[in-house]
2 protein chains.
Amino acid sequence: MSPRAGLDKQTLVLAAAELADELGMEGVTLAQLAARLGVRSPSLYNHVNGLKELRTLLAVFGLEQLYAVMSASLVGVSGEAAVHAISRAYVTFAQQHPGLYDTTLQAPEQGNAELEEAGARTLQLIISVLSGYELGRTGELHAVRGLRSILHGFAALRNKGGFGMPLDLEDSLTRLIDSYIAGIGCMRTGD
Amino acid sequence: MSPRAGLDKQTLVLAAAELADELGMEGVTLAQLAARLGVRSPSLYNHVNGLKELRTLLAVFGLEQLYAVMSASLVGVSGEAAVHAISRAYVTFAQQHPGLYDTTLQAPEQGNAELEEAGARTLQLIISVLSGYELGRTGELHAVRGLRSILHGFAALRNKGGFGMPLDLEDSLTRLIDSYIAGIGCMRTGD
DNA sequence: TAATATAAACTAATAGTATTAGTTTTTCAA
DNA sequence: TTGAAAAACTAATACTATTAGTTTATATTA
């Protein structure tokens, strides 16, 4: 009567990611996920420790995907073009995977090793893009904070419909990155 | 047996805002709110149409508060100082009212008149701060999008603990706004 | 190959959430 | 003072997560 659905952690996370992008982050429930996988919800506990762990796994998965597209965007480009490329990759990912993108920030379980590792890798990638500007050790960190703020803010506002005006969004992002690069000297420190 | 708790919409929203800041947005439940107000949860339906409407009211309330502190930050300042002032006001509000701030963006009911009105007023305020830069009609809109992205991104990442590094946050924000101003010419259009 | 152990499914039950329907009771106004 | 409206209530339904305990399929091992 129960011919083994053959589930595992990976399958759950992939299905949950679909759910997130289709229904939004709040649509990721164990009940929904179980229904989609053709199983009763308590069965999911054989593979995952509950909703909280599922959300953490989803966050790690999302960060890995995000890292992948950002990293891929950098092949063969450098300097200003690299800043633009990684920015477009970030925002495009957030647009194409709105639910999954949301989970990457609503980190429910802090202190999680994999989560912090995935975050740290992304950080390093952004640092590498900015290394050409000779910003200094702490200046580099200010600059990374700045770029992350810009990218998350733009992505989130666009995804939530925060930009009401009928004005080209690509153009807005390009200009915002251009202005960031133009003013990047303000980040420079002497260390 | 039920001596009239004397509730009204205003009271509910104020209590819900406290709840939001204490427990986070997901802690704003009708059950929690009813308990805090000393009433059974169905009683809340006499004043509010359900959780969705409560969230919308909370969003409007939050936007009004945000507008108030941004507006207050501008008295007696102009030019670059005004950009810094409104930015600090925005980010400080988000820090002091993390739950309420979150509700202002998770707009559940789009097409809501009050919500759009509150958003539009905030938009106008930011535009007024940037009007001295002669950016052109659409340039101004690009610039507003940019500043909003920066402010929301910075506020959200800080509130969610996204900035792990032990590096002064005030300094990061100041530099980010300085760099925004330094590069604002990239927003300029000829209209 | 057959027996057994493990793991993955299940059912049943509990507790929390929103919401609706219908009832009581307070309060205000005619 | 009587009556109507509003604000509380209880009861019930339908979701959600989660735990406990049971069955059964699969894999391992004798």
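Computation of the quantities below employed the complete heavy-atom set of this structure, encompassing side-chain atoms and omitting hydrogens, waters and symmetry-equivalent molecules. Labels below follow one simple rule: chain letters A, B, ... track the order of the sequence lines, proteins then strands, and each chain is numbered from 1. Computed from a predicted structure; not experimentally measured.
- Separating the CG atom of A:L7 from the P atom of D:dT26 is a distance of 13 Å, rounded to the nearest angstrom.
- In this structure, CD of A:E26 is placed 13 Å from P of D:dA17, rounded to the nearest angstrom.
- Straight-line distance from the CG atom of B:N49 to the C1' atom of C:dT19: 11 Å, rounded to whole Å.
- Ion pairing between A:K160 and A:D102 holds under the 4.0 Å rule for side-chain N and carboxylate O.
- Atom-to-atom, CG of B:L19 to P of C:dT17 comes out at 11 Å; the value is rounded to the nearest Å.
- The side chain of A:H47 contributes an N or O atom lying less than 4.0 Å from OP1 or OP2 of C:dA9.
- Summarising the geometry, the separation between CG on A:L12 and P on C:dA8 is reported as 11 Å, rounded to the nearest angstrom.
- Contact of A:R4 with D:dA25 (side chain to base): a donor-acceptor pair of N or O atoms is detected under 3.5 Å.
- Remark: the A:N46 side chain and the C:dA7 base include no donor-acceptor N/O pair separated by less than 3.5 Å.
- Note on A:E18 versus A:R36: salt bridge recorded, some NZ/NE/NH1/NH2 to OD/OE distance being below 4.0 Å.
- A pairwise comparison of heavy atoms in B:H152 and B:Y101 identifies ND1-OH, 2.7 Å as the closest pair.
- Atom CG of B:L51 and atom C1' of C:dT19 are 11 Å apart (whole Å).
- Both B:L74 and B:L151 belong to a common hydrophobic cluster when Ile, Leu, Val, Met, Phe, Trp and Tyr are linked at side-chain heavy-atom distances under 4.5 angstrom.
- Regarding A:L44, its CG atom lies at a distance of 12 Å from the P atom of D:dT16, rounded to whole Å.
- Taking side-chain N and O atoms only, A:S43 has a distance below 4.0 Å to OP1 or OP2 of C:dC10.
- Ranking C:dT20, D:dT18, C:dA18 by closeness to the B:P42 side chain, first place goes to C:dT20.
- Distances were taken from every side-chain heavy atom of A:R40 (C-beta onward) to each of C:dC10, D:dA17, C:dT17; the shortest belongs to C:dC10.
- Rounding to whole angstrom units, CG of residue B:L54 and C1' of C:dA18 are separated by 12 Å.
- The shortest distance between the side-chain N/O atoms of B:Y45 and the OP1/OP2 oxygens of C:dT20 is not below 4.0 Å.
- Of all heavy-atom pairs spanning A:D191 and A:R137, the tightest one is OD1-N, 3.0 Å.
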